[in-house]
Amino acid sequence: MAGICIKPMVLCLVLVFVLGHAIAEFPKFHHRMKGGNNNNGTLNFLVIGDWGRRGEYNQSQVANQMGRVGEELDIEFVISTGDNFYDNGLSGEKDPEFVESFTNIYTATSLQKQWYSVLGNHDYRGKVAAQLSPYLHQVDSRWFCSRSFIVNTEIAEIFFVDTTPFVRDYFRAPNEHSYDWRGVTPLRRYISNVLTDLQLALKKSKAKWKIVVGHHAIKSVGHHGDTVELVNLLLPILREYNVDFYMNGHDHCLEHIRDKKSTIQFLTSGAGSKAWRGDVKPFNNEGVRFFYDGQGFMSLQLTEEEAKIAFYDVFGQVLHKWTSSSQLHSDM
Ligand SMILES: *[C@@H]1O[C@H](CO)[C@@H](O)[C@H](O)[C@H]1NC(C)=O
Ligand SMILES: *[C@@H]1O[C@H](CO)[C@@H](O)[C@H](O)[C@H]1NC(C)=O
């Protein structure tokens, strides 16, 4: 017992181990901000989703503009909201699509930063283990993809959630696609662990900005619309712990929607390549601040006091931007 009291770190590790994979599901990483940069201690990053198509469908044009904006903002990292490689994820660690759709496309100097990626449903159609493999980090050191994890950066805490296993449609037979569910079964326990871990982590978080990232939308007026499983299971948790932003891809568009019952803002950045689906659901008024059916990406600039958010099109033009205050949790 004495040993445990003297060494709280040991106790901590033992507890984590004893409590089992409830905690291990969400590994936490500290993103150390570069010292002495010229962005005055603000945390700047880009968000892109639904992109890997070997440069086609304007992927390369979007990548070029990300490079330009990334340079301007001196970004810290890039977040990928999933559907990293089309159509069927990666077939293995050595699948050339990794280099052809990622390394050879996001070539700008400003994009040679850490990428934090989640998996989308298309990624689950390939070998999931390939995208999670440390081998890809050797091929391109920017790459990091995991199921659910936390990135902590002084100003903001970013919670990445593996949303594909939540969507019941993918499990219905017959299904025109096959999915690699290894590692997420038994499903019921997997989902319940993800939710419990997220809840614990949000509860503990003291960050000024709490951001949750998943592939599927909670709210969307695009092709796929709302994801009911996330509305039912995830949204109540985000509301309870005052999450500021939920960021997703899946619908190939850009969107800014405000929650009617909380200060959460739903941000879709799923326009990294193929877009223009043209089947927008009728705006259900109040919540929707912005919708764009074409290609583009999003930037965030966070300080302790405010968040500046912008959406850009394929030409790098700002389509929509606004500032949220961390005190008021409202638009200014
Ligand atoms: C950096 O912060 C200082 C003090 O808050 C401010 O006066 C200055 O304009 C900022 N510079 C830039 C480049 O944002
Ligand atoms: C590329 O972007 C331009 C400008 O938005 C658009 O007109 C064009 O249809 C896009 N091409 C594809 C293949 O989506």
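Numbering of ligands and ligand atoms starts at 1, following listing order.
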(message) Checking a contact table here: which protein heavy atom is nearest atom 14 (O) of ligand 2, and how many Å away?
(response)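 In this structure, atom 14 (O) of ligand 2 has Gln295 NE2, 3.0 Å as its nearest protein heavy atom.
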
(message) Give me the nearest non-hydrogen protein atom to atom 9 (O) of ligand 2 as residue plus atom name, then the distance to 0.1 Å.
(response) Trp276 NE1, 3.9 Å

(request) With heavy atoms of Phe315 as the reference, note each atom of ligand 2 found under 4.0 Å away. (result) 4 (C)

(message) Need the ligand 2 atom indices (1-based, order shown) with element for anything under 4.0 Å from a heavy-atom of Val314.
(response) 2 (O), 4 (C), 5 (O)

Cationic N near anionic O, under 4.0 Å, [X] to [Y]:
X	Y	value
Arg239	Asp259	yes
Arg142	Asp140	yes
Glu154	Lys208	no

(message) Does Arg168 qualify as a cation-pi partner of Phe171, given the criterion of NZ or CZ under 6.0 Å from the six-membered ring centre and within 45 degrees of its axis?
(response) no

(message) Here's one to test your reading of the geometry: is the NZ or CZ of Lys210 within 45 degrees of the ring axis of Tyr246 and under 6.0 Å from its centre?
(response) no

(message) Does the protein place a non-hydrogen atom closer than 4.0 angstrom to atom 11 (N) of ligand 2?
(response)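 Protein heavy atoms within 4.0 Å of atom 11 (N) of ligand 2 - there is at least one.
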
(message) Among Asn58, Asp293, Val62, Asp313, which one puts a heavy atom closest to atom 3 (C) of ligand 2?
(response)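 Among Asn58, Asp293, Val62, Asp313, the closest heavy atom to atom 3 (C) of ligand 2 belongs to Asn58.
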
